[in-house]
2 protein chains.
Amino acid sequence: MESESLLERSLVEQWRDLVARKTRVWNALELELDRQHGLSASEFEVLDTLSEYDCAEPPRVQELAAHVPITQSALSRMIGRLENQNLVTRTLCSSDRRGVFVVLTDEGMQRLTEARPTHRSVLAAELADGPSAELTAEPTGTDAVLVESGTQGK
Amino acid sequence: MESESLLERSLVEQWRDLVARKTRVWNALELELDRQHGLSASEFEVLDTLSEYDCAEPPRVQELAAHVPITQSALSRMIGRLENQNLVTRTLCSSDRRGVFVVLTDEGMQRLTEARPTHRSVLAAELADGPSAELTAEPTGTDAVLVESGTQGK
DNA sequence: GCGCACTAAGTGCACGTGCATGTAATCTCC
DNA sequence: GGAGATTACATGCACGTGCACTTAGTGCGC
């Protein structure tokens with residue numbers, strides 16, 4: 001029970017690395033997406049996922065929740081917020097009136113298209129380098145990304 | 001600008017995998033640590049990090065914040081909560097009276113020691129298998145872990 | 001010694017989240 | 001066809017978080 005130390009240390013290190021990386025990238029995304037496009041990282045993820053569906057067969061809330069790392073209740077509210085910004089719309093499912101289809105509006109598609117380059121370049125910058133960079137929770141130096149991702153500064 | 005698709009897709013997939021894995025493990029930890037030991041995943045992480053310091057040279061709040069994926073303000077409040085449970089204590093730094101040392105109490109050390117096997121076995125179970133398991137935000141099936149991690153089941 | 005910039009930690013506030021529950025629609029089985 | 005179980009989504013509530021700011025303490029220049 002004591003001899004597992006080595007294996008366990010490796011697991012713990014792997015875990016901390018995972019958390020550190022995720023947090024670092026997430027924070028960078030949060031920062032840049034909000035600054036440049038007024039979107040949170042979660043919101044972008046939802047819009048981006050949403051865009052992968054055929055407009056003719058939009059996902060239901062539940063379906064969407066299965067592909068985004070938040071709960072169904074959180075998603076429900078987020079859809080409400082996105083709806084208020086006219087980025088998505090809810091439409092009832094006629095065959096099962098409990099169901100709600102979520103579809104990207106034109107405006108939503110546009111915002112997403114604008115934000116995508118920022119998202120991709122943050123990923124490229126932050127996913128690439130050292131897994132165990134200092135850590136986290138602090139705004140990471142993403143100056144290069146800011147420049148790269150276009151001229152829509154501020 | 002359009003030709004990067006392949007590379008970008010790979011980045012996005014890598015990113016989603018990272019998030020999915022982190023969320024899955026995190027949720028499992030949250031569930032088991034709370035159920036069995038009344039600790040949140042963040043709290044465990046703080047206590048565990050804390051335990052790596054020599055009692056003679058405890059870390060200051062800032063130092064601790066650099067090794068845990070939350071902000072200093074969140075950590076400040078968490079320390080308050082942990083202090084109320086007598087798991088840690090704050091002591092002033094005499095040489096720099098702005099500083100605050102955080103130290104694990106005996107009780108804190110005990111809770112940590114109890115919780116560690118749970119933590120490790122969740123890691124072993126969840127870190128090991130398929131990176132892109134369905135997803136997440138749902139309680140993952142950790143029945144095996146419950147059994148493995150001892151007889152202190154509720 | 002005094003003022004000023006700077007750092008460490010704590011706090012008011014608003015907000016997004018999860019859990020538990022509520023409401024509405026559907027399905028099942030008799 | 002009607003009661004009860006089940007599913008889909010929304011919501012009340014409490015809570016932890018981040019941001020911006022405050023308070024307390026340090027060090028520097030003059």
- Task: Indicate the ring-plane relationship of B:Tyr53 and B:His67, choosing parallel, tilted or perpendicular according to the 30° and 60° boundaries.
- Result: perpendicular

- Item | Donor-acceptor under 3.5 Å (B:Glu30 side chain, B:Ala41 main chain) | yes

- Only residue of B:Gln36, B:Arg35, B:Glu32 satisfying side chain to side chain donor-acceptor pair (under 3.5 Å) with B:Thr118 is B:Gln36

- Using whole Å, report how far CG of B:Leu39 lies from P of D:dC15. 17 Å

Could you go over nucleotides 5-11 of chain C and give all protein N or O partners under 3.5 Å, atom names and distances?
{"from": "C:dT7", "atom 1": "O2", "to": "B:Arg98", "atom 2": "NH1", "distance (Å)": "2.8"}
{"from": "C:dA8", "atom 1": "OP1", "to": "B:Gln62", "atom 2": "OE1", "distance (Å)": "3.0"}
{"from": "C:dA8", "atom 1": "OP1", "to": "B:Gln62", "atom 2": "NE2", "distance (Å)": "2.6"}
{"from": "C:dA8", "atom 1": "OP2", "to": "B:Gln62", "atom 2": "OE1", "distance (Å)": "2.5"}
{"from": "C:dA9", "atom 1": "OP1", "to": "B:Val61", "atom 2": "N", "distance (Å)": "3.3"}
{"from": "C:dA9", "atom 1": "OP1", "to": "B:Val100", "atom 2": "N", "distance (Å)": "3.3"}
{"from": "C:dA9", "atom 1": "OP2", "to": "B:Gln62", "atom 2": "N", "distance (Å)": "2.9"}
{"from": "C:dG10", "atom 1": "OP1", "to": "B:Arg90", "atom 2": "NH1", "distance (Å)": "2.6"}
{"from": "C:dG10", "atom 1": "OP2", "to": "B:Ser76", "atom 2": "OG", "distance (Å)": "2.7"}
{"from": "C:dG10", "atom 1": "OP2", "to": "B:Arg90", "atom 2": "NH1", "distance (Å)": "3.3"}
{"from": "C:dG10", "atom 1": "O5'", "to": "B:Ser76", "atom 2": "OG", "distance (Å)": "3.3"}

- Message: Can you tell whether the side chains of A:Asp17 and A:Lys22 come within less than 4.0 Å, N to carboxylate O?
- Response: no

- Atom CG of A:Leu29 and atom P of D:dG18: how far apart are they, to the nearest Å? 16 Å

- Message: Whole angstroms only, please: what is the CD-P distance between B:Glu30 and C:dG18?
- Response: 10 Å

- Rounded to the nearest Å, what distance is computed from the CD1 atom of residue A:Ile70 to the C1' atom of nucleotide D:dG16? 17 Å

- Please report, rounded to the nearest Å, how far the C1' atom of D:dA10 is from the CG atom of A:Leu64. 16 Å

- Assess whether salt bridge (charged side-chain N to carboxylate O under 4.0 Å, His left out) is satisfied between B:Glu52 and A:Arg16, documenting all intermediate values. CA-CA 14 Å; B:Glu52 291 167 0; A:Arg16 291 197 179 165; 3.2 Å; yes

- Item | Length of the CG-P vector between B:Leu31 and C:dG18, whole Å | 14 Å

- Message: On the nucleotide D:dT17, are OP1 or OP2 found under 4.0 Å from the side-chain N or O atoms that B:Arg81 carries?
- Response: yes

- Under 3.5 Å, is there a donor-acceptor pair between the A:Ser51 and A:Arg116 side chains? yes

- Item | Rounded interatomic separation in angstrom, taking CG from B:Asn27 and P from C:dC19 | 8 Å

- Task: Calculate the interatomic distance between A:Asn84 atom CG and C:dC15 atom C1'; express it in whole Å.
- Result: 15 Å

